[in-house]
Amino acid sequence: MVFSINLGLSFQTAQLLLKELPATLTLVSRRCTRRLGTRMWRRGANLEGDVANFIETEQLVEINGLRSSFMQIRGSIPLLWEQIVDLSYKPQLRIINHEQTSEVVERHFRDLLQRYGETIAIDLTDKQGDEGQLSAAYASEMEKLQYVRYISFDFHCICGNSNFDNLQLLYDQISEEFKKQGYFLVDAEGNILVEQKGSIRSNCIDCLDRTNVTQSYLAQKSLNLQLQRMGMLDSSECISMFAEDYVKFKTCWAEQGDEISLEYAGTHALKGDLVRYGKQTLGGLIKDGISALSRYYLNNFHDGIRQARCLLSLQCNEDAMDLVSGRYSINRNGPSPFQLNGFETLSYLPIASALIAGGLTLTSFTFQQAGRNAQQFMSSVLWAGVAAGVMAVVKANGRQFCSRPRLCGLL
């Protein structure tokens, strides 16, 4: 896989003071550019086994001349699937039946094995509804891979919005292998004392919110082990016992989650309170609600082709990413892919919205007067019918009214 510094490098750093000794904590995330794109327009894998939102996150610790790192990875479920925006809040997931599905999954995990060693795949998706069907298909394919341990952990069901500590149930399942995989440790002279022998691959649907919470929890477990090996903590101590340093640790991970989410979804991460405070707060619920509405707008009307924001912004659109990453090659002799031909439904959305709003307003106004005569009543019915008809047309053609990429296909 190819990782890009310009398109996908983000990092946070914090200065800690553990038992009067200064330490530096750094988080670095590197995004793979082979299946680069925005949230709804890059899902799952391509035929080569590259997945959307594939990121490796490395937690670095430097203290008293010793340097240590712990790496985790995330990436979309490596099946062929899509979730095309259609003006609904949660578009339907669709698994693409393809004869090479098993080969795609195999290619993906073979690549991970070569790069990171033994892999534990943690699936955090729901077990009901569309997510449940996708999770079941994923689990079915993983049964064919004997060299990867697959764990299904329904985050929403087990942890909900406040039971962050229930992730201990997940850790108990993998603790032995987690400790065996270890971390990387080098002394002041550059001698390698310990090497990390594998990786944890986490995913939810977006590989953002639930994944951020889970990765921060596992990173905390690893940090405790590293500091104990470095002699900074006793075997009975952990980073959470040092309040000021623990806050800095959680803040780094929360900010890291926000940056990754901004690049893929265009908003801050949801569930940030679970990382920062270990529970959901009222302020966090309001912030999550605003972010959820922002995601809806961006997914439907921004991420496909709109060029209002350039690559200097974190909220890049799909076509800009395809162009700059080299996935799309310009044909100087061909017509512009952005040239509008015939009926362009997106341009009619404001008109449709105005008709709906006007129809509802006039319906309300005329309905109040309907008791006076039959003409007013018929007028009220007419405007209600117009509003309902326009709404039905928009709903039936939701995909056509949404912003969509023009340069490259979904796979």
Side-chain angles (χ1 to χ4, degrees), residues 1-12 27-58 69 71-83 104-116 119 121 199-208 211-212 215 256-267 269 298-299 302-307 309-331 337 403-411:
M1 292 184 179
V2 178
F3 293 89
S4 166
I5 292 179
N6 294 328
L7 284 175
L9 178 70
S10 57
F11 67 93
Q12 279 70 37
L27 296 182
V28 181
S29 288
R30 295 172 286 265
R31 180 184 299 275
C32 177
T33 62
R34 286 196 175 178
R35 191 155 172 72
L36 193 67
T38 53
R39 177 173 172 246
M40 288 298 187
W41 294 109
R42 283 293 180 272
R43 294 296 212 185
N46 58 20
L47 294 177
E48 287 71 40
D50 306 310
V51 297
N53 205 25
F54 186 88
I55 298 170
E56 60 177 31
T57 297
E58 189 172 7
S69 88
M71 183 180 294
Q72 301 180 76
I73 54 179
R74 71 176 75 190
S76 190
I77 291 178
L79 302 179
L80 304 176
W81 61 282
E82 63 183 15
Q83 191 176 18
V104 167
V105 179
E106 170 78 14
R107 290 179 193 125
H108 177 72
F109 281 99
R110 279 292 179 189
D111 183 71
L112 298 188
L113 179 65
Q114 294 174 3
R115 292 181 177 277
Y116 305 105
T119 303
S199 66
I200 307 291
R201 183 200 190 278
S202 303
N203 74 267
C204 47
I205 286 296
D206 300 326
C207 302
L208 295 176
T211 300
N212 291 332
Q215 286 199 340
Q256 183 80 350
D258 284 341
E259 286 202 16
I260 291 173
S261 181
L262 280 167
E263 293 177 4
Y264 188 53
T267 71
L298 293 170
N299 295 157
H302 181 282
D303 288 343
I305 62 170
R306 190 168 299 179
Q307 302 295 323
R309 296 183 185 269
C310 66
L311 283 168
L312 294 177
S313 166
L314 286 175
Q315 297 180 11
C316 304
N317 60 62
E318 192 72 25
D319 286 323
M321 291 184 180
D322 286 336
L323 182 63
V324 174
S325 65
R327 192 164 181 262
Y328 176 79
S329 298
I330 297 175
N331 181 4
S403 173
R404 57 193 182 276
R406 295 175 181 271
L407 297 185
C408 298
L410 297 183
L411 294 180

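These values consider heavy atoms only, across backbone and side chains, with no hydrogens, waters or symmetry-generated copies. Owing to the predicted nature of the structure, the values given are computational and were not obtained by experimental measurement. Counting begins at 1 with the first residue of the sequence.
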Separation between CD1 of I77 and SG of C204, rounded to the nearest 0.5 Å: 9.0 Å
To check you understand the geometry: which heavy-atom pair defines the closest contact between A45 and L80, and what is its length? O-CD2, 3.2 Å
Short N-O contact, D111 and R115, less than 4.0 angstrom: yes
Check the pair I55 / I260 against side-chain contact (heavy atoms from CB on, under 4.5 Å), numbers first and verdict last. CA-CA 9 Å; I55 298 170; I260 291 173; 3.4 Å; yes
Looking only at heavy atoms, what is the nearest atom pair of T211 and C207, with distance? OG1-CA, 3.4 Å
Hits for side-chain hydrogen bond (donor to acceptor under 3.5 Å, both in side chains) against T57, two or more places apart or cross-chain, chain-then-number order -> S29
Taking all atoms of both residues into account, what is the closest heavy-atom pair of I205 and Q83, and its distance? CG2-OE1, 4.3 Å
Is there a donor-acceptor contact under 3.5 Å linking the side chains of N53 and R35? no
Applying side-chain hydrogen bond (donor to acceptor under 3.5 Å, both in side chains) to R201 and not counting sequence neighbours gives H108
Side chains of R34 and N46: donor-acceptor distance under 3.5 Å anywhere? no
All heavy atoms of T119 vs all of L113, minimum pair found to be OG1-N, 4.5 Å
Taking S76 for the side chain and G44 for the main chain, is one N or O donor matched with an acceptor at less than 3.5 Å? yes
Taking the side chain as C-beta and beyond, is there a heavy-atom pair between I73 and L112 under 4.5 Å? yes
Flag the pair R30 and E58 as a salt bridge only when some basic side-chain nitrogen lies within less than 4.0 angstrom of an acidic carboxylate oxygen. yes
Thinking salt bridges, do R43 and D206 make one under a 4.0 Å N-O criterion? yes
Taking the side chain as every heavy atom from C-beta outward, state whether F54 and R74 have any pair of such atoms under 4.5 Å apart. no
Distance (rounded to the nearest 0.5 Å) between Q72 CD and S202 OG: 6.0 Å
Residues two or more places apart in sequence or in another chain: which of them pass side-chain contact (heavy atoms from CB on, under 4.5 Å) with E106? R110, L145, Y147
